[in-house]
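Here's the structure, in structure tokens; my notes come after.
Heads up: numbering here begins at 1 and tracks the sequence.
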Amino acid sequence: LLDSTRPLNACTYILDSGSTDQTLNIAASYGAAIKFNEFINHPKQWNVALETFKITTPWVICLDADQILSPDLFKKLDAFKDQDYSHVSGIYFNRKNYFKGKWIRHGGYYPKYLLKMFRYTAGYSDLSEHMDHRFQIAGTTVLWKTAHLIESNLKENNISFWITKHNHYSDLLADEYLQRKDNPFMQEPAARLLGSPNERNASLKNIWRHLPLYLRPFLYFIFRIIFQLGILDGRTGIMFHFLQGFWFRLIVDIKIGEKRAVFKKTNKISSITFPICFVILFLSIYSFHIMYISITTPGGLYLAWFDKHLNYISRWRHFYIHSSARILEGLGYQVHIRATGLSVNGHSGFNMVYSCLGYGVMSCFSAFVLSFPKPLASRIKFLIVGLIGIQLLNTLRLILLAIYYNPCYTSIDHHTIFNCCIYTITIISVYHWTNK
């Protein structure tokens, strides 16, 4: 690769992911700038490369270690002038792919256009992919049909290496398939069958995802061998089409089935444990509030020490009353605070019993969020935001009651109206949170 690009006299940047052979020594001997990033997948690695190195040229060429410039492609690059492509943002190279020294000319593998050269500020790595990396660009692109990029991974001459690599790739594709099923919006920027090569690939992938599992590898292999003339690639070519078009795709589908089975098993356990935990937790929290009201209210199980020192129920009500009073005074109303409520000159007011605190809906909401099978950080965050939201809505209710409520004009209990509203808002919020 470096031999083929060296005569261009262009700045060369290499993002290494932990090479233990002579890669770094070779790269250093060619004067390449080298940085390290742990490998996760190709799209993320290219994203890091584009964001890490300080590129100063208007154009960048992004090549993999198993690719070299053909003489024809080198000539076009050597003669390249930015002013001749002032209206262009990206250039597709035509790839020639080799397997065990054999050019794979048929089976949909040639011509094969890859967006490899683009204006540095316009192109980016498509992170919606897990295995197949491609660059996306906003702007006009052109195809260099007769200038070829040669791709030949010499390690793949050892079939064991090829199988090991694609076994890893099959995990990435299986995970990507399931994620796209759960999140249909995780798509490429565009998918048009008659569009650019990237848009055409995106469209074909959308079709592939909707084909039946296990059947699609058979259909794809037959299509490549018969209709795309893969049989003309000879013994080595047919071997490649079988491995890449059938065996690899079948392994992906088998792993999708395995991962689905694990998910269903886990989901089945969650569907049993979640409602049990929710009910137990709700009854526990709700009963605790009721019990505490009984021991801090004179009469019955009254405990004076708890009432004097640990009566959070009374302090809760005190907070509601005084926060409502401060807001009403800020709005210009004259407010008179009582121990259990307040009155507003010329208007109504409210008398707040403990059932007005909203501990019922808060208990239900807290139990649901805490028992729902989502990451703990997500649950805690949503719980805090939700409880504050319920508190604010209840305060708003008290303010509206203090100004507008008149029991002579309605036979509907304002508690019922509030409960209907607050539970509706809570259910909608929970629905969006559980489906996020």
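Under a cut-off of 6.0 angstrom, the local environment of CG in L215 is crowded, with over 12 non-hydrogen atoms contributed by other residues, nucleotides or ligands. Atom CZ of F161 is surrounded by more than 12 heavy atoms from other residues, nucleotides or ligands within 6.0 Å. In K165, the NZ atom is crowded: over 12 heavy atoms of neighbouring residues, nucleotides or ligands sit closer than 6.0 Å. Annotation for R235: atom CZ does not count as buried by contact number, only 12 or fewer foreign heavy atoms lying within 6.0 Å.
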(message) Let's go through K112 and E151 carefully: what are the C-alpha distance in whole Å and the side-chain angles of both, what is the deciding distance for salt bridge (Lys or Arg N to Asp or Glu O under 4.0 Å) to 0.1 Å, and is it a yes or a no?
(response) CA-CA 11 Å; K112 184 73 172 181; E151 182 169 321; over 6 Å; no
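Annotation: ring-ring contact (aromatic ring centres under 6.0 Å, His included) contacts of H87 (sequence neighbours excluded): none.
The side chain to side chain donor-acceptor pair (under 3.5 Å) with H289 is formed by just one residue from the set Y312, Y354, W316; it is Y312.
Relative orientation of the H42 and Y169 rings is perpendicular, given thresholds of 30° and 60° on the angle between their planes.
Looking at H130 and Q179, their side chains come closer than 4.5 Å, going by heavy atoms from C-beta outward. For the pair W247/I251, a side-chain contact is recorded, criterion being any heavy-atom separation below 4.5 Å from C-beta on.
When ring centroids are compared, F372 and F382 stay outside the 6.0 Å threshold.
Electrostatic pairing of D72 and K145 does not count as a salt bridge here, judged by no charged N lying under 4.0 Å from a carboxylate O.
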